[in-house]
Amino acid sequence: MLTRNIFSPDHEAFRDSARKFFEQEVAPFHSDWEDAGVAPREVWLKAGKEGFLCTTLPESCGGSGADRLFAAILIEEQARLGLSGPGFSTHSDIVAPYIVNYGTPEQQQAWLPAMARGELIGAIVMTEPSAGSDLRAIRTTAIRQGDEWILNGQKTFITNGQCADILVVAAKSSKDPDGKDLTLWVVEASMPGVTRGQNFKKIGMKAQDTCELYFDNVVLTQRNMLGQENKGFGLLSKELAWERLQIAVGAVATSSAALQWTVDYTRQRKAFGTLIADYQNTRFRLAEIKTEIEIAQTFVDRCLSEVCNGELDKAVAAMAKYWCTELMGRVLDQCLQLHGGYGYMWEYPIARAFADARVHRIYGGSNEIMRELIARTL
């Protein structure tokens, strides 16, 4: 494989520590968490204690001020083991950046240090039953009444929904269904009027808690407003490129892991007295997969360099998200096929990864939306 020259010795030392953490503190228990439908708070506290949450936050907010390559390493190491359960990246690299980039100093100190310690868990609360990638169609409202705003609505498919304490919620400030303006709010899950639905029974990512959230006359104040009123779309557009690149990073890491699982399996399994790895069909298929992963990794690494320099174009991020998740789907399908019947057994990592991967072409903006964003640049 080509040398990945974007990482320093400090990055590689951090990778070693992260790998040990996931191998020792997550992997042995992940199957139990799949049955439970949620990862326990204890693993969040352990991750926080080891410095694996909110790494890019400034030290004044409880982080280490690290660059986003450290965040990418955590995503890669979690994906390498097929550990789809703890929603660490959603918490650390989607929710926390909204607060650190657009929150007041008071908001930052109220929530971010506890998020970095794993004492508060964050969720991004955008999708609704009738509004997915098209956020302009959302119906949740926060209507002003004097010095307060009253939040009402329903959100769905919320990652970390069962365990989250801090919710970054998008809401309209008008009941007009054609209204276009959004405001972002930081809502504490303990506030009166916030309730959770039951955990969804999903095809994959079974250890990651996902549910609906309901808001019934939740009273908000200026303390809860993130940024300026009716300026939510602008904030969202600034953060989506990094969110989509994160998905691409995980997709390539999962594809690479699947390739290795399949190489190991085909070198042990025989058919008609011959190792599966010795058939030309197997060798050629794996050669194609390896080549495509190498191409994807090179592209993603270039995007990571640009995001660290504040230069990542949102259309390029859409390309990365779309192409790498489509690649992951193809890779996992082909690798599962080479496992034969065992590939369909949940005890094999390829089966779990196959089920986990499908949603990556949907969340973060569906791949159809990604194609539309790319097409607008032509």
Side-chain angles (χ1 to χ4, degrees), residues 1-2 4 22 30 71-90 93-94 133 157 159 202-208 210 240-266 282 285-304 307 316-339 343-344 346 348-371 373-374:
M1 304 291 278
L2 291 173
R4 301 182 68 190
F22 285 115
H30 198 261
I73 287 169
L74 289 167
I75 293 169
E76 289 180 346
E77 291 306 311
Q78 188 169 350
R80 184 182 68 85
L81 294 173
L83 305 175
S84 60
F88 291 156
S89 61
T90 296
D93 300 298
I94 298 178
S133 297
F157 306 145
T159 299
K202 308 186 297 292
I203 292 174
M205 304 189 84
K206 295 179 182 293
Q208 189 175 102
T210 309
L240 280 174
W242 170 228
E243 178 180 344
R244 288 164 178 164
L245 181 56
Q246 291 175 58
I247 297 171
V249 168
V252 177
T254 299
S255 299
S256 183
L259 173 61
Q260 189 59 56
W261 299 332
T262 307
V263 169
D264 294 342
Y265 178 83
T266 58
T282 303
R285 193 66 62 87
L286 294 177
E288 292 165 1
I289 290 171
K290 184 174 183 178
T291 302
E292 288 191 286
I293 292 172
E294 186 76 2
I295 293 168
Q297 189 68 77
T298 302
F299 181 41
V300 165
D301 284 356
R302 173 63 183 272
C303 290
L304 284 170
V307 81
V316 174
M319 294 177 192
K321 191 270 180 186
Y322 140 68
W323 197 81
C324 293
T325 57
E326 296 284 345
L327 170 65
M328 176 170 60
R330 296 194 304 273
V331 167
L332 290 169
D333 183 70
Q334 294 174 25
C335 287
L336 189 151
Q337 185 72 18
L338 289 171
H339 278 74
Y344 204 65
W346 193 253
Y348 279 73
I350 191 66
R352 298 194 298 276
F354 179 83
D356 291 345
R358 186 60 184 87
V359 75
H360 290 68
R361 284 177 269 170
I362 299 172
Y363 67 20
S366 70
N367 282 3
E368 289 73 22
I369 299 297
M370 298 303 100
R371 291 180 177 95
L373 293 175
I374 297 163

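We use all heavy atoms of the structure for the numbers below, so side chains are in, but hydrogens, waters and symmetry mates are not.
By the 4.5 Å heavy-atom criterion applied to side chains, Arg358 and Ile203 are not counted as neighbours. You'll find the side chain of Asp264 stays beyond 4.5 Å of the side chain of Trp261, heavy atoms only. Residues Tyr265 and Leu338 are not in side-chain contact: their nearest non-hydrogen atoms beyond the backbone lie 4.5 Å or more apart.
Residues that satisfy the ring-ring contact (aromatic ring centres under 6.0 Å, His included) test with Phe88, not counting sequence neighbours, are Trp44. Under the rule for a ring-ring contact (aromatic ring centres under 6.0 Å, His included), His30 has no partner lying at least two apart in sequence or in another chain. The side-chain hydrogen bond (donor to acceptor under 3.5 Å, both in side chains) check on Ser84 picks up Asp356, with sequence neighbours excluded. Qualifying ring-ring contact (aromatic ring centres under 6.0 Å, His included) partners for Phe299, counting only residues two or more places apart in sequence or in other chains: none.
Atoms CG and CG, on Leu259 and Leu286 in that order, are 6.0 Å from each other to the nearest 0.5 Å. For the atom pair CD1 (Ile369) and CZ (Arg244), the distance works out to 8.5 Å, reported to the nearest 0.5 Å. Between the CD atom of Glu243 and the CG atom of Asp93 there is a distance of 10.5 Å, given to the nearest 0.5 Å. Taken to the nearest 0.5 Å, the OG1 atom of Thr254 stands 5.5 Å off from the CE atom of Met328.
When every heavy atom of Ala72 is checked against every heavy atom of Val249, the shortest pair comes out as O-CG1, 3.9 Å. The shortest heavy-atom contact between Ser89 and Ile75 is CB-CG1, 4.0 Å. Shown here for Ala351 and Gly343, the closest heavy-atom pair between the two residues is CB-O, 3.2 Å. Scanning all heavy atoms of the two residues, the minimum distance from Trp242 to Val307 falls at CE3-CG2, 3.9 Å. Considering every non-hydrogen atom in both Leu74 and Phe22, the closest pair reads O-CE1, 3.8 Å. Here the shortest heavy-atom pairing between Ile247 and Gly364 reads CD1-CA, 3.8 Å.
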Side-chain donor-acceptor pairs under 3.5 Å in residues 316-326, sequence neighbours left out?
from   : atom 1 : to     : atom 2 : distance (Å)
Lys321 : NZ     : His360 : O      : 2.9
Lys321 : NZ     : Tyr363 : O      : 3.0
Lys321 : NZ     : Gly365 : O      : 2.8
Lys321 : NZ     : Asn367 : OD1    : 2.8
Thr325 : OG1    : Lys321 : O      : 2.6
Thr325 : OG1    : Tyr322 : O      : 3.2
Thr325 : OG1    : Asn367 : ND2    : 3.0
Glu326 : OE2    : Asn367 : ND2    : 3.0
Glu326 : OE2    : Arg371 : NH2    : 3.4

Which pairs of donor and acceptor atoms, one on a side chain in residues 288-296, lie under 3.5 Å apart (sequence neighbours left out)?
from   : atom 1 : to     : atom 2 : distance (Å)
Thr291 : OG1    : Ala287 : O      : 2.9
Glu292 : OE2    : Arg330 : NH2    : 3.0
Glu294 : OE2    : Leu2   : N      : 2.5

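A donor-acceptor distance shorter than 3.5 angstrom exists from the side chain of Gln78 to the backbone of Pro86, with no hydrogens or angles considered. A donor-acceptor contact shorter than 3.5 Å is absent between the side chain of Gln334 and the backbone of Arg285. Lys206 places no side-chain N or O within 3.5 Å of a backbone atom of Arg352 that could act as its donor or acceptor partner. Of the possible polar contacts, one joining the Thr262 side chain to the Ala258 backbone as a donor-acceptor pair under 3.5 Å is found.
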Trace of the side-chain contact (heavy atoms from CB on, under 4.5 Å) decision for Met205 with Val359:
CA-CA 9 Å; Met205 304 189 84; Val359 75; 3.5 Å; yes
Give the intermediate values and the outcome of side-chain contact (heavy atoms from CB on, under 4.5 Å) for residues Ile94 and Thr159.
CA-CA 11 Å; Ile94 298 178; Thr159 299; over 6 Å; no
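Gln337 and Asp333 share no donor-acceptor pair across their side chains, judged by distance under 3.5 Å alone.
Residue-environment remark: CZ (Arg302) stays at or below the threshold of 12 foreign heavy atoms within 6.0 Å.
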